[in-house]
Amino acid sequence: LFSPNGDGVKDRAVFRIQVGAQENLVQWTYEITSVEGKLLATFTGPGAPPPTLEWDGKDLTGRLVPDGAYRYGFSVVTKAGVQSRAPTQEIIVDRVKPEVAVSVSPELFSPNGDGVKDEAVFKSSASDATGLHSWVLEIKDKDGLVVKHFGAEGVPSAAVVWDGRGSFETDVPDGAYTFQLTAQDIAGNSASTIVGTVSINRLALVSEVQASPRIFSPNVDGVKDEVVISIRSASPDTVESWVLQILNRNGKPAQEFSGRGPAPLRLVWTGKTEAGSPLPDGPYQLVLVETDRAGNRARSSPQVCELDNTPPSVEARLEPVGLSPNGDGVQDEGVFLVKVGDEHTIELWSLQVFNDVGVSVRRSQGTGLPTGRIAWKADDDGGRTLLDGNYAYALTARDVAGNAAATPRGAVRIDQTPPAVTLSASPALFSPNGDGILDTATLQAGVEDAGPLQIWELTIRPDAAGLPAV
């Protein structure tokens, strides 16, 4: 059971082959047919078969077969001429995505333990003709960070209850959250519902902690190296002491700030421990604990921020690396094949072309992930065709955390000048009759060009005017 739909999940069927006495085999054949017996794909070879074979779901003409059931069989021929065939078995091609649905009730709830609308119930359903492999229900905050994750194998639970706690099993802040259900069937097809919204409002009189930016990179490059923590105390006049805890993914303190009296309005965290050691990448919680003069303690809703010192992965290459934008239809333009990857959103990417003194003459840029192919007509930012010469190109990207990466500069040559060609024959008239006199002619060719030659061709044909052949 597989789904050759190009999504990278179960796109190929893998057949595992085990045969005894392989040294006695002279031929093996693996055939895939329709249920009516029509041959769709075949694999064959001499000697023993390989341990595995892969089928991409295409028939003998290279077209994908329709969804449905198919049969595959395996046979071998021994040195004695005996043919042995294994029983045929069934394989199913399925590219149909599951049907999924999810709703929430109530859409606004208050998980404060008062017994009234303390929970949100997600009613979910998913079905597929071939059966479901797994499901995931993700709840995200306004910045797109996952605060709660539900999932398991098989059919999703008819009712999933959320008590307003995040992945750290602590209360998430009040506000609006998005949710989405995704299901994958046994063949590897996935489907997701449209994004829904659920909101939390506890109306509790506790202090608030805000972090900006929510994702940062304390790598001392001058871009988003620190987090500014803003504190708004619910009742600063009654506070006797305070502690701001920064907790790692295991809920253990990674850094603490503390003091007497009301908490400051602003603190700065550089992503280090109290001892000054850098902390590893990952999510962290910011929690403010205040104690008033009467001994009462209040704990703020945790604010999650993420430390990310990992730069994006960037790749870029130009095909072809030599261009001649002269309108002859041959290598008039090129295509940049670019790829950018990162765990977080790409804030800015830029693809630039530089002249031989390093000045940028062409720039393409944007936010998010760039398209995989960017066409270039060997022109500058003003649309003018560039002069002949050597150029370079590079792709840079910066993620939302402030990490930046760049590819090494690749080389490209623009050349619109055709080669200078000379050709002469000596003698111009000869008689290849084997008498030893002027039986051969020597052709002397010369080619000059600023760049390396890709191909040359010398053609000898009769002249229409009856002159000697050249």
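Remark: the backbone N or O of Glu240 is not paired with any side-chain donor or acceptor of Thr291 at under 3.5 angstrom. Using a distance-only test at 3.5 Å, with no hydrogens or angles considered, no donor-acceptor pair links the side chain of Asn390 to the main chain of Asp356. Asp56 places a side-chain N or O within donor-acceptor distance of the main-chain N or O of Lys58, the cut-off being under 3.5 Å. Of the possible donor and acceptor atoms, one in the side chain of Asp388 sits under 3.5 Å from a partner among the backbone N and O of Gln416. With Asn403 contributing its side chain and Asp308 its backbone, the two residues share a donor-acceptor pair below 3.5 Å. With hydrogens and angles disregarded, a donor-acceptor distance shorter than 3.5 Å links the side chain of Ser217 to the backbone of Ala401. Side-chain N or O atoms of Gln245 include none that pairs as donor or acceptor with a backbone N or O of Pro253 at under 3.5 Å. Between the side chain of Ser134 and the main chain of Glu153, no donor-acceptor pair closer than 3.5 Å is present. Within the 3.5 Å criterion, the main-chain N or O of Gly334 finds no donor-acceptor partner in the side chain of Glu319. Between the side chain of Ser324 and the main chain of Val330, a donor-acceptor pair closer than 3.5 Å is present.
Environment of CD in Glu107: sparse, with no more than 12 heavy atoms of neighbouring residues, nucleotides or ligands closer than 6.0 Å. The environment of CG in Leu387 is sparse: at most 12 heavy-atom neighbours from other residues, nucleotides or ligands sit within 6.0 Å. Other residues, nucleotides and ligands contribute over 12 non-hydrogen atoms within 6.0 Å of the CD atom of Glu90. Within 6.0 Å of the CD atom in Glu333, the count of heavy atoms belonging to other residues, nucleotides or ligands exceeds 12.
For the pair Val198 and Trp162, the minimum side-chain heavy-atom distance is below 4.5 Å. Taking the side chain as every heavy atom from C-beta outward, Ile139 and Thr178 never approach each other to under 4.5 Å. Residues Val361 and Leu386 are in side-chain contact: their nearest non-hydrogen atoms beyond the backbone lie under 4.5 Å apart. Side-chain atoms of Ser207 and Glu290, non-hydrogen and from C-beta on, do get closer than 4.5 Å to each other. Side-chain contact between Ile229 and Leu244: present, with at least one pair of heavy atoms (C-beta onward) separated by less than 4.5 Å. Residues Glu99 and Asp128 have side chains not in contact (no heavy-atom distance under 4.5 Å, counting atoms from C-beta outward). A 4.5 Å side-chain heavy-atom check between Thr44 and Tyr30 finds every atom pair outside the cut-off. Put simply, the side chain of Pro370 does not reach to within 4.5 Å of the side chain of Leu351, judged on heavy atoms.
Between Glu315 and Arg317 there is no salt bridge, since none of the side-chain N atoms of the basic residue sits less than 4.0 Å from a carboxylate O of the acidic one. Glu169 and Lys148 are joined by a salt bridge, as a carboxylate oxygen and a charged side-chain nitrogen come within less than 4.0 angstrom of each other. Ion pair Arg214/Asp141 flagged as a salt bridge, since at least one NZ, NE, NH1 or NH2 atom sits closer than 4.0 Å to an Asp/Glu carboxylate oxygen. Classification of Arg362 and Asp379 as a salt-bridged pair holds, one side-chain N sitting under 4.0 Å from a carboxylate O. For the pair Glu347 and Lys224, the salt-bridge criterion is met [side-chain N within less than 4.0 Å of a carboxylate O].
Rounding to the nearest 0.5 Å gives a distance of 4.0 Å between CG of Asp342 and CG of Asp399. Atoms NE2 and NZ, from His149 and Lys140 in turn, are 11.5 Å apart once rounded to the nearest 0.5 Å. Asp171 CG to Ile200 CD1: the interatomic distance, rounded to the nearest 0.5 Å, is 8.0 Å. Taking CG of Leu39 as the start and OG1 of Thr33 as the end, the distance is 7.5 Å to the nearest 0.5 Å. Rounding to the nearest 0.5 Å places CD of Glu256 at 8.0 Å from CG of Leu247. Summarising the geometry, atom OH belonging to Tyr177 is positioned 9.5 Å from atom OG belonging to Ser199; distances are rounded to the nearest 0.5 Å.
Under the side-chain contact (heavy atoms from CB on, under 4.5 Å) test applied with Glu306, the options Leu145, Val227, Asp281 reduce to a single match, Leu145. The one candidate from Phe43, Phe15, Trp55 that meets the ring pair (Phe, Tyr, Trp, His ring centres under 6.0 Å) condition with Tyr72 is Phe15.
Scanning all heavy atoms of the two residues, the minimum distance from Ala176 to Thr197 falls at CB-CG2, 4.3 Å. Between Phe168 and Pro283, the closest heavy-atom pair is CZ-CG, 4.2 Å. Contact between Asp163 and Pro111 at its shortest, heavy atoms only, is O-CB, 3.2 Å. The two atoms that bring Lys97 and Ala191 nearest to each other are CB-CB, 4.0 Å, heavy atoms only. When all heavy atoms of Glu226 and Pro213 are compared, the closest pair comes out as O-CD, 3.5 Å. For the residue pair Pro312 and Ala397, the shortest heavy atom distance occurs at CG-O, 3.9 Å.
Identified under the ring-ring contact (aromatic ring centres under 6.0 Å, His included) test for residues 342-382, with sequence neighbours left out: Phe336-Trp376.
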Step-by-step side-chain contact (heavy atoms from CB on, under 4.5 Å) determination, Phe150 to Val136: CA-CA 6 Å; Phe150 301 94; Val136 171; over 6 Å; no
Derivation and outcome, side-chain contact (heavy atoms from CB on, under 4.5 Å), residues Leu337 and Arg373: CA-CA 5 Å; Leu337 304 177; Arg373 300 170 62 89; 3.6 Å; yes
Stepwise side-chain contact (heavy atoms from CB on, under 4.5 Å) test for Val314 and Lys339: CA-CA 6 Å; Val314 289; Lys339 184 178 181 181; over 6 Å; no
From CA spacing to verdict: side-chain contact (heavy atoms from CB on, under 4.5 Å), Leu323, Arg413: CA-CA 6 Å; Leu323 301 178; Arg413 177 166 180 81; over 6 Å; no
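Judged by distance alone, the side chains of Gln180 and Thr193 never bring a donor and an acceptor atom under 3.5 Å apart. No side-chain N or O of Glu343 forms a donor-acceptor pair with one of Thr310 less than 3.5 Å apart.
Listed by chain and residue number, nothing satisfies the side chain to side chain donor-acceptor pair (under 3.5 Å) test with Asp332 (two or more places apart in sequence, or in another chain).
Ring-plane geometry between Phe216 and Trp269 is classed as tilted, the angle between the planes lying from 30 to 60 degrees on a 0 to 90 degree scale.
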